[in-house]
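These numbers come from the heavy atoms of this one structure, side chains and all, not from hydrogens, waters or symmetry mates.
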Amino acid sequence: MQPASTPSERIRNFCIIAHIDHGKSTLADRMLQLTGVVDERAMRAQYLDRMDIERERGITVKSQAVRMPWQVDGTNFALNMIDTPGHVDFTYEVSRSLAACEGAILLVDAAQGIEAQTLANLYLAMENDLTIIPVLNKIDLPGAEPEKYAAEIGQLVGVDPDEVLRVSGKTGAGVPELLDHVVRTLPAPTGDADGPCRAMIFDSVYDTYRGVVTYVRVFDGRLSARERIEMLSTRAEHDLLELGVISPEPIPTKGLGPGEVGYLITGVKDVRQSKVGDTVTSARRGATEPLAGYSDPKPMVFSGLFPIDGSDYPNLRDALDKLKLNDAALNYEPETSTALGFGFRVGFLGLLHLEIIRERLEREFDLDLIATAPSVIYHVTMEDGTEVDVLNPSDFPEGKVREIREPITRATLLAPSEFIGAIMDLCQSKRGSLLGMDYLSEDRVELRYTLPLAEIVFDFFDQLKSRTKGYASLDYDVEGEQAADLVKVDMLLQGEPVDAFSAVVHREQAYHYGVEMAGKLKNLIPRQQFEVPIQAAIGSRIIARENIRAMRKDVLSKCYGGDISRKRKLLEKQKEGKKRMKNIGSVEVPQEAFIAALSSDGGGDSGSKDAKKK
Ligand SMILES: Nc1nc2c(ncn2[C@@H]2O[C@H](COP(=O)(O)OP(=O)(O)OP(=O)(O)O)[C@@H](O)[C@H]2O)c(=O)[nH]1
């Protein structure tokens, strides 16, 4: 059965915004169940077996936009719940999903209160002029303090604390009232029903069976099944193969009218042909003005990814090609490192994006990878006026440099007030400057800093976590560039540079970096038959030095008795180990040493994840 179009006055488009783990998915599940879109048995199956079901149906079940029927005072409404990527790494995409809604449910854990991403998402929603419905979740928790946090949110959003709704996504308490509230308080979508069609792409997902499934919100006019459509940013035309709504399975429709949310399939195979933020119109007599400016996501953080087993290189390339089908922001190019062999220099939107991709490569494609420390883009101007963009510290240009500019972020940190001192110390040591500080309640404070992105991607988040006992949360947004006194530090083994360890650091940190790295390498690289100097250098100037003393390695020295089979085993093991050695000049370095040296301070955790996660 094909659902008829709903008149726009009976449509409500909303999203749920929340800090990680504040219960967005659980509340969404409860709504699906309450509105009868998913029945109780399927709900459990779906919950437990999400991935299998997704594969079976060939489309994302926890879809980007679900249409739910809901009746208020005898009138039937269509509620479209639009999912947002929910993370600042994907700010542009979050903001596009928000632009597809008229309102947002701001969900806050009643035992935790406001966190950094609560604020970040709220500000994005406000920039998109959404009506905000503040809601406290998890009121069933024994540790919930709804009164306290209702006051906090009330102050933030500018409403009376009594107007903050209270729900439990777990028990379902308060959820029907919340849905009623959505219908009563959110504005219905408005749009020019008779004008040429304009629909915004707010998400685009690659599906193995159906190609790219594109999620759209129609603003003006009407999209009809089987018409030819045009993407305004590229002027590319495609035939519509299917148009429909998700409820929660895809249901084909004849058309989508103003305010309606649904999906379309054109047979394109790559999400870059159906870009988030683009405007879809009819190929014939279509609109000429896009809905909003379109911007391509720009990678901000770069890291080299190398397979531990060199023969996995083609597999890594295939895996990246596959992931790219579904991720317009993923960029990579081949990179060769003397220390690590063949791999790729990959550009990410932020640290979380990096972690997700790395985890997917390891889990879904069964690859063992080594990642170099994350770095940022430096704009280098040489004395002779040439400009170079440096994505990889080892490519830093030789010669006289006039200026180096680095990306700067605006960071928001939230923590109990007892940690103010610790946070300020940390930000100070990371070249931060304080922009402002506000008390959200008696014992919770929000600090705003500008911080170089390079400092955040290094080990900021780990340090923040340990200095605040895990109680601080952090959010950041890149905001332009700034000149800084930066230098490239090289690490040399017997005079040969080891590219994987080159770093661009602040001049004042260079010595510290050099000494620490040299010490680390000294402990990790086994003694050779000759003395090996480890040096840290800025250009030709040596700033730190360690020595690995010569030693004749006799693996048999541990065997006192004459156990021949044990001796043979040890010799075999030594031979095995040799295979995994890399030669830097005449020095043999086990690959494990590189891995250990890179992983212990390799940037670590995501800067934007919740520090409270255990
Ligand atoms: N007691 C209680 N626990 C809840 C409630 N809602 C969610 N939870 C729990 O809180 C945790 C996080 O819930 P999710 O729904 O996964 O949170 P989320 O915000 O979607 O998290 P992300 O998708 O990781 O951002 C889970 O362990 C849930 O079981 C609630 O109302 N009461």
Side-chain angles (χ1 to χ4, degrees), residues 2-3 5-6 8 10-18 24-25 27-38 46 50 53-54 57-70 77-86 90 93-105 107 121 124-125 128 130 179 182-183 186 188-189 191 198-207 210 212-219 222-223 225 240 242-253 255-266 271 274-280 291 326:
Q2 297 211 329
S5 279
T6 311
S8 54
R10 286 198 274 116
I11 297 174
R12 298 291 182 273
N13 296 322
F14 70 97
C15 55
I16 306 175
I17 52 178
K24 196 170 106 171
S25 313
L27 178 64
D29 281 353
R30 211 60 341 97
M31 289 180 170
L32 291 178
Q33 205 176 348
L34 258 173
T35 54
V37 167
V38 178
Q46 178 184 339
R50 223 170 256 176
I53 288 189
E54 285 187 8
R57 294 187 186 166
I59 197 164
T60 322
V61 174
K62 289 295 296 180
S63 64
Q64 281 49 30
V66 188
R67 177 167 153 145
M68 306 179 290
W70 190 248
F77 289 85
L79 307 184
N80 290 308
M81 178 163 62
I82 293 173
D83 202 9
T84 57
F90 310 104
E93 310 209 347
V94 176
S95 137
R96 295 297 87 193
S97 332
L98 295 179
C101 306
E102 274 73 36
I105 293 175
L107 197 66
N121 284 317
L124 272 181
N128 280 286
L130 301 195
L179 289 173
V182 164
V183 167
L186 294 192
R198 291 201 298 174
M200 190 187 63
I201 300 180
F202 63 88
D203 207 351
S204 190
V205 183
Y206 176 75
D207 179 273
R210 323 184 78 187
V212 173
V213 180
T214 301
Y215 293 87
V216 292
R217 144 88 197 249
V218 178
F219 279 84
R222 198 178 161 74
L223 261 184
L240 266 188
E242 189 175 316
L243 184 69
V245 298
I246 309 265
S247 191
E249 288 168 74
I251 307 171
T253 53
L256 291 175
E260 285 197 294
V261 172
Y263 69 93
L264 57 88
I265 294 173
T266 61
V271 290
S274 209
K275 296 188 274 195
V276 170
D278 203 352
T279 302
V280 177
L291 281 162
N326 208 357

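Between Ala188 and Ser8, the shortest heavy-atom distance links the atoms CB-O, 3.5 Å. Residues Gly255 and Glu260 share a closest heavy-atom pair of O-OE1, 4.1 Å. Considering all non-hydrogen atoms of both residues, Leu223 and Leu243 come closest at O-CD2, 3.4 Å. Taking every heavy atom of both residues into account, Thr6 and Ala78 meet most closely at OG1-CB, 4.0 Å. Between Val216 and Val280, the shortest heavy-atom contact is CG1-CG2, 4.2 Å. Taking each heavy atom of Val276 and Phe202 in turn, the nearest pair found is CG1-O, 3.9 Å.
Thr35 is linked by a side-chain contact (heavy atoms from CB on, under 4.5 Å) to Val37, Met68, Pro69, Trp70, Leu179, counting only residues two or more places apart in sequence or in another chain. Checked against side chain to side chain donor-acceptor pair (under 3.5 Å), Arg12 has no partners two or more places apart in sequence or in another chain. Remark: Thr214 pairs with Ser274 by the side chain to side chain donor-acceptor pair (under 3.5 Å) rule, at least two apart or across chains. For the side chain to side chain donor-acceptor pair (under 3.5 Å) test, residues two or more places apart in sequence or in another chain that qualify with Asn80 are Asn13.
Note that CD1 of Ile82 and CD1 of Ile246 are 11.5 Å apart. Values are rounded to the nearest 0.5 Å. For the atom pair CG of Leu130 and CG of Asn121, the computed distance is 11.0 Å after rounding to the nearest 0.5 Å. Between Leu27 atom CG and Leu32 atom CG the span is 9.5 Å, to the nearest 0.5 Å. For the atom pair CG (Leu264) and CG (Leu256), the distance works out to 8.0 Å, reported to the nearest 0.5 Å. One finds the SG atom of Cys15 at 8.0 Å from the NZ atom of Lys24 (value rounded to the nearest 0.5 Å). Atom CE of residue Met81 and atom CZ of residue Phe14 lie 5.5 Å apart, to the nearest 0.5 angstrom.
The shortest side-chain heavy-atom distance between Ile17 and Leu124 does not fall under the 4.5 Å cut-off. Looking only at side-chain heavy atoms (C-beta outward), Val212 and Thr266 stay at 4.5 Å or farther from each other.
Annotation: cation-pi geometry not satisfied between Arg217 and Tyr215 (NZ/CZ under 6.0 angstrom from ring centroid, within 45° of ring axis).
A side-chain donor-acceptor contact under 3.5 Å links Thr279 to the backbone of Leu291.
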